[in-house]
Asks: 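Here it is, the structure in full.
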Amino acid sequence: MSKELVEALDALEKEKGIKKQVVVEALEAALVSAYKRNYGQSRNVEVDFDQQAGEINVYAVKEVVDQVFDSQLEISLEDALKINKAYEIGDQIRFKVTPKNFGRIAAQTAKQVIMQRVREAERSIVYDQYIQYEKEIVTGEVERIDHRYVYVNLGRVEAVLSHQDQIPGEEYHPHDRIKVYIYKVENSAKGPQVFVSRSHPDLLKRLFEQEIPEVFDGTVEIVSIAREAGDRAKVAVRSTKDGVDPVGTCVGPRGERVQAIVNELRGENMDIVEWKSDPADFISNALNPAEVLNVIFDPDNERACTVVVPDDQLSLAIGKRGQNARLAAKLTGYKIDIKSESEFADLTANSEQEPTEQ
């Protein structure tokens, strides 16, 4: 058995990349536990796997002492000197105690240890393969669907797409090929787990990098993204080179570039706006397509402002169910209160007429 075990360990190292010495150390530790369990021994024992001879032996280890209190753990100096006159107090002496039928136990234990190490190695290989794709887009195939997840086959691992990571209203069917964003890879006790998303804002960022070379090479930078997956998104971009129109670059000729992204996201509307260092200009751009007349910042809250728009632009600025204003606020990081021109004029007039306290 031991000769076959040596050959098996050599094959594991060659084919699976599992270091033989790592398995041998794990096997020796497991055999110590197996010996104590099967032979009811609490003594201090060691297991030695001689890889050259292909032999497994068990040794009881005893410490040389003046006076013996536990014969299973200690040996007197007097008895130690009968074995070898060089022994001194504190030395450790090994006595071979390998049981006759220990080979059977060793074979069973070796099989368990090797299978466990193979499983761990395979998990590690899969984890190492997919952790490098964390925060990236991959293409997978929908494998099956249950009440909790859509399971996406990525090749060597089955990723999970939860309800909150799905695009609302998007339907998934077995064998559909979809692009997903890997946002987390975990090496759990059950093996590597890969979590993917179709609704994550960074999915949109990666799609822009795939479709627009200037975004990929850094000529155009995505500063921020606000997204309500499946419905509408706003993307703020800026150019890092003079003479490059960041919005036009992303939209592309006849809107071809952005349309490819919209198609991938099943018709999700896309507003691409230019980022500005001046917060008032950036907020005005973020409320596109509405026209903005003025942006007044709150002196008591540096991240809040009132935006004034023409009367006929109020509903456009706010958007359906407040979506345009909500996305603009997420994109800019400002709390935005939108007022029509006449409403703001009335508020200003009323505040000027209020009497001041004496």
Side-chain angles (χ1 to χ4, degrees), residues 1-129 131 156 185-193:
M1 184 283 299
S2 297
K3 189 174 181 181
E4 293 173 353
L5 178 57
V6 173
E7 292 174 353
L9 295 179
D10 288 335
L12 274 179
E13 188 165 40
K14 185 177 180 180
E15 296 171 14
K16 299 282 188 180
I18 305 172
K19 295 294 183 184
K20 180 163 57 173
Q21 191 54 40
V22 172
V23 181
V24 168
E25 290 171 3
L27 175 59
E28 289 175 345
L31 287 172
V32 168
S33 298
Y35 174 81
K36 291 182 178 181
R37 184 172 60 252
N38 285 276
Y39 297 97
Q41 298 288 343
S42 60
R43 68 177 68 184
N44 186 19
V45 296
E46 294 178 357
V47 171
D48 180 52
F49 178 28
D50 186 338
Q51 298 178 49
Q52 297 298 323
E55 294 181 354
I56 295 175
N57 290 304
V58 183
Y59 296 91
V61 182
K62 297 185 179 183
E63 184 179 354
V64 178
V65 295
D66 258 334
Q67 187 176 357
V68 175
F69 292 100
D70 187 338
S71 60
Q72 285 196 340
L73 302 175
E74 300 166 332
I75 182 173
S76 68
L77 178 61
E78 181 182 350
D79 289 339
L81 292 173
K82 292 176 183 178
I83 301 169
N84 189 319
K85 294 187 180 299
Y87 282 127
E88 298 178 351
I89 298 292
D91 285 347
Q92 304 282 324
I93 304 178
R94 302 204 314 168
F95 297 89
K96 190 173 179 179
V97 293
T98 310
K100 289 182 179 180
N101 65 339
F102 193 64
R104 176 182 57 81
I105 295 170
Q108 293 173 346
T109 305
K111 183 179 179 181
Q112 292 169 355
V113 169
I114 289 173
M115 288 179 64
Q116 177 64 23
R117 287 292 165 169
V118 168
R119 283 195 296 268
E120 290 174 358
E122 289 176 343
R123 288 175 181 175
S124 180
I125 290 168
V126 173
Y127 175 78
D128 291 342
Q129 178 181 352
I131 191 64
R156 299 191 63 177
V185 180
E186 289 184 349
N187 203 1
S188 68
K190 294 180 180 179
Q193 286 192 301

Asks: Would you give the length of the straight line joining atom NZ of K111 to atom CD of Q108, rounded to the nearest 0.5 angstrom?
Replies: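 K111 atom NZ to Q108 atom CD measures 9.0 Å (nearest 0.5 Å).
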Asks: How many angstroms lie between NZ in K36 and CG in L31, if you round to the nearest 0.5 Å?
Replies: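 Reported to 0.5 Å precision, the distance equals 12.5 Å.
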Asks: What distance do L77 atom CG and Y87 atom OH have between them, rounded to the nearest 0.5 Å?
Replies: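 Here the interatomic distance stands at 12.0 Å.
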Asks: Counting only N and O atoms by type, is there a donor-acceptor contact under 3.5 Å from the side chain of D91 to the main-chain atoms of E88?
Replies: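 Answer holds: yes.
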Asks: What is the minimum heavy-atom distance between R123 and P192, and which atoms define it?
Replies: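 Smallest interatomic distance, heavy atoms only, reads O-CG, 3.2 Å.
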Asks: Using every non-hydrogen atom in the two residues, find where V113 and A26 come nearest and quote the distance to one decimal.
Replies: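 Answer, listing the atom of V113 first, then A26: CG1-CB, 4.0 Å.
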Asks: Donor-acceptor pair, E74 side chain versus F69 backbone, under 3.5 Å?
Replies: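 Here the side-chain-to-backbone pair exists.
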Asks: Do E28 side-chain atoms and F49 backbone N/O form a donor-acceptor pair below 3.5 Å?
Replies: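 Between the backbone of F49 and the side chain of E28 there is a qualifying donor-acceptor contact (under 3.5 Å).
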Asks: Before giving the answer on side chain to side chain contact (heavy atoms under 4.5 Å, CB included), spell out for K62 and Q92 the whole-Å C-alpha distance, their side-chain angles and the decisive distance to 0.1 Å.
Replies: CA-CA 6 Å; K62 297 185 179 183; Q92 304 282 324; over 6 Å; no
Asks: Among all residues two or more places apart in sequence or in another chain, which pass the side-chain hydrogen bond (donor to acceptor under 3.5 Å, both in side chains) test with K14?
Replies: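 Not a single residue meets the side-chain hydrogen bond (donor to acceptor under 3.5 Å, both in side chains) criterion with K14.
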Asks: Going from NZ on K82 to CD on E78, what distance comes out if it is rounded to the nearest 0.5 angstrom?
Replies: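 Reported to 0.5 Å precision, the distance equals 5.0 Å.
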Asks: Given side chains that start at C-beta, do those of V97 and Y59 come closer than 4.5 Å, heavy atoms only?
Replies: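 No. Closest side-chain heavy atoms not under 4.5 Å.
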Asks: How about Q21: does its CD atom have over 12 heavy atoms from other parts shown lying under 6.0 Å from it?
Replies: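 Buried by this count: over 12 neighbours within 6.0 Å.
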Asks: To the nearest 0.5 Å, what is the distance between CD1 on I83 and CD1 on I93?
Replies: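 Taking CD1 in I83 and CD1 in I93, the distance rounds to 4.5 Å.
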Asks: Nearest 0.5 Å please: distance from the CD1 atom of I89 over to the OG atom of S76.
Replies: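 Rounded to the nearest 0.5 Å, the CD1-OG separation comes out at 8.5 Å.
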Asks: Do you know which two heavy atoms are closest between A60 and V45, and how far apart they sit?
Replies: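 The answer is CA-CG1, 4.2 Å.
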Asks: Measure the shortest side-chain to side-chain distance between V47 and N57 over non-hydrogen atoms and say whether it is less than 4.5 angstrom.
Replies: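 Side-chain contact under 4.5 Å: no.
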Asks: Should I75 and V65 be marked as a side chain to side chain contact (heavy atoms under 4.5 Å, CB included) after you check the CA-CA gap, both sets of side-chain angles, and the distance that decides it?
Replies: CA-CA 6 Å; I75 182 173; V65 295; over 6 Å; no
Asks: Could you go through V24 and L9, starting from their C-alpha distance and side-chain angles, then the distance that decides it, and tell me whether this counts as side chain to side chain contact (heavy atoms under 4.5 Å, CB included)?
Replies: CA-CA 8 Å; V24 168; L9 295 179; 3.8 Å; yes
